[in-house]
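Here the structure comes first, spelled out in structure tokens, and everything after it is commentary.
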Amino acid sequence: MGTIRLSTPEDSATLAAIWRASVRATHDFLSDEDYRSIDTLVSEHYLPATRVWVALDDQGAPRGFMGLTGAHIDSLFIDPASRGLGIGRRLLTHAAALQGKLTVDVNEQNAQAIGFYAHMGFTVTGRSPLDDAGRPYPLLHMRQE
């Protein structure tokens, strides 16, 4: 299914839409205020300024993306309509081929993501009571074994 390529500035709106749909499907613990604040950061600052890996379907349409800093996964979001098709696995395999063993921080309340990473061979190595911005969303630190 499709290819993986680096994003371009023209991808920003499409990737922001994927982010929104994915977060709505998996992050029901976010307050409306925090969702709006994070949406602004992601759509107006992160995606336009950061090159992320984009997974394309066979027609060349973006279906998911992954931000990577060294071997650390900064973001991994899949279009909910495309979940279960192996896109997350493809992105992780791509990242591991580039960087080796990977790490990721996952919201403790996001059971779907924790289950996905555990299925992909990640184990919990620690916990932080707040997210990176100091919001009350604990993070689990995970490492690929």
Side-chain angles (χ1 to χ4, degrees), residues 1-12 14-30 34-35 37-145:
M1 169 189 231
T3 59
I4 295 174
R5 65 162 170 80
L6 281 171
S7 63
T8 66
E10 293 76 29
D11 292 319
S12 292
T14 300
L15 299 182
I18 290 171
W19 180 86
R20 288 181 190 109
S22 180
V23 167
R24 288 288 189 208
T26 59
H27 289 65
D28 58 355
F29 53 88
L30 287 178
D34 286 338
Y35 171 83
S37 173
I38 297 167
D39 180 31
T40 299
L41 290 172
V42 169
S43 63
E44 296 179 16
H45 301 283
Y46 178 70
L47 289 171
T50 306
R51 296 195 69 186
V52 296
W53 292 101
V54 180
L56 306 174
D57 65 16
D58 291 335
Q59 289 72 47
R63 296 295 172 200
F65 68 90
M66 174 185 59
L68 199 59
T69 301
H72 186 76
I73 300 165
D74 299 317
S75 58
L76 178 64
F77 293 94
I78 308 300
D79 177 0
S82 299
R83 287 180 59 193
L85 301 177
I87 294 168
R89 177 183 296 274
R90 283 180 36 229
L91 286 165
L92 287 184
T93 299
H94 181 78
L98 294 172
Q99 300 294 334
K101 299 291 184 186
L102 303 169
T103 61
V104 67
D105 295 331
V106 181
N107 290 110
E108 186 175 63
Q109 299 103 317
N110 189 345
Q112 293 175 59
I114 294 166
F116 167 74
Y117 286 112
H119 180 73
M120 296 300 297
F122 285 72
T123 58
V124 175
T125 60
R127 180 185 184 274
S128 297
L130 304 173
D131 71 8
D132 293 339
R135 291 180 291 257
Y137 305 114
L139 295 175
L140 295 180
H141 311 294
M142 301 181 82
R143 182 180 62 235
Q144 197 173 33
E145 296 299 320

What are the two closest non-hydrogen atoms of [X] and [Y], and how far apart are they?
{"X": "Ser7", "Y": "Val54", "result": "CB-CG2, 3.7 Å"}
{"X": "Ala16", "Y": "Ser43", "result": "CB-CB, 3.8 Å"}
{"X": "Pro80", "Y": "Ala25", "result": "CG-CB, 4.0 Å"}
{"X": "Ala95", "Y": "Leu102", "result": "CB-CD1, 3.8 Å"}
{"X": "Ala55", "Y": "Ile4", "result": "CA-CG1, 4.3 Å"}
{"X": "Gln144", "Y": "Met120", "result": "NE2-O, 4.0 Å"}

Side chains of [X] and [Y]: closer than 4.5 Å at any heavy-atom pair?
{"X": "Ser82", "Y": "Asp57", "value": "no"}
{"X": "His72", "Y": "Asp105", "value": "yes"}
{"X": "Glu44", "Y": "Ser12", "value": "no"}

Test item: [X] side-chain N/O and [Y] main-chain N/O as donor-acceptor pair under 3.5 Å:
{"X": "Thr26", "Y": "Ser22", "answer": "yes"}
{"X": "Asp58", "Y": "Gly2", "answer": "yes"}
{"X": "Ser75", "Y": "Gly67", "answer": "yes"}
{"X": "Arg127", "Y": "Leu140", "answer": "no"}

Could you grab the distance from atom [atom1] of [X] to atom [atom2] of [Y], nearest 0.5 Å is fine?
{"X": "Thr103", "Y": "Met142", "atom1": "OG1", "atom2": "CE", "value": "11.0 Å"}
{"X": "Trp53", "Y": "Ile73", "atom1": "CH2", "atom2": "CD1", "value": "13.5 Å"}
{"X": "Arg83", "Y": "Gln112", "atom1": "CZ", "atom2": "CD", "value": "4.0 Å"}
{"X": "His94", "Y": "Leu98", "atom1": "NE2", "atom2": "CG", "value": "4.5 Å"}
{"X": "Thr125", "Y": "Glu145", "atom1": "OG1", "atom2": "CD", "value": "8.5 Å"}

**Item:** Donor-acceptor pair between His141 and Ser128 side chains, under 3.5 angstrom
**Value:**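 Side-chain D/A pair, His141 to Ser128: present.
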**Asked** Using a distance-only test with no angle check, is there a side-chain donor-acceptor pair under 3.5 angstrom linking Tyr137 and Asp34?
**Response**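 Result is yes, a qualifying pair exists.
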**Request:** Begin from the C-alpha positions of Leu92 and Phe116 and carry the test side chain to side chain contact (heavy atoms under 4.5 Å, CB included) through to its verdict.
**Result:** CA-CA 11 Å; Leu92 287 184; Phe116 167 74; 3.5 Å; yes
**Request:** Apply the test side chain to side chain contact (heavy atoms under 4.5 Å, CB included) to residues Leu76 and Val104: give CA-CA distance (whole Å), side-chain angles for both, the deciding distance (0.1 Å), then the verdict.
**Result:** CA-CA 9 Å; Leu76 178 64; Val104 67; over 6 Å; no
**Message:** Applying the salt bridge (Lys or Arg N to Asp or Glu O under 4.0 Å) criterion to Asp79, which one of Arg20, Arg24, Arg63 satisfies it?
**Reply:**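 Running salt bridge (Lys or Arg N to Asp or Glu O under 4.0 Å) over Arg20, Arg24, Arg63 with Asp79 returns exactly one hit, Arg63.
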**Request:** Could you give me the CA-CA distance, side-chain angles and deciding distance for Ile78 and Ile18, then say whether side chain to side chain contact (heavy atoms under 4.5 Å, CB included) is met?
**Result:** CA-CA 7 Å; Ile78 308 300; Ile18 290 171; 5.9 Å; no
**Request:** Evaluate side chain to side chain contact (heavy atoms under 4.5 Å, CB included) for Phe65 paired with Thr50, printing each intermediate quantity in order.
**Result:** CA-CA 12 Å; Phe65 68 90; Thr50 306; over 6 Å; no
**Asked** With ring centroids as reference points, do His27 and Phe29 lie under 6.0 angstrom apart?
**Response** yes
**Heavy atoms of other groups near His119 NE2, more than 12 under 6.0 Å** =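 Not buried by this count: 12 neighbours or fewer within 6.0 Å.
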**Asked** In a check of side chain to side chain contact (heavy atoms under 4.5 Å, CB included) between Leu139 and each of Leu130, Val106, Asn110, Asp131, which one passes?
**Response**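 Option passing the side chain to side chain contact (heavy atoms under 4.5 Å, CB included) with Leu139: Asp131.
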**Message:** Under the side chain to side chain contact (heavy atoms under 4.5 Å, CB included) test against Val52, which residue among Asp11, Leu15, Leu91 passes?
**Reply:**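 Between Val52 and the candidates, side chain to side chain contact (heavy atoms under 4.5 Å, CB included) is satisfied uniquely by Leu15.
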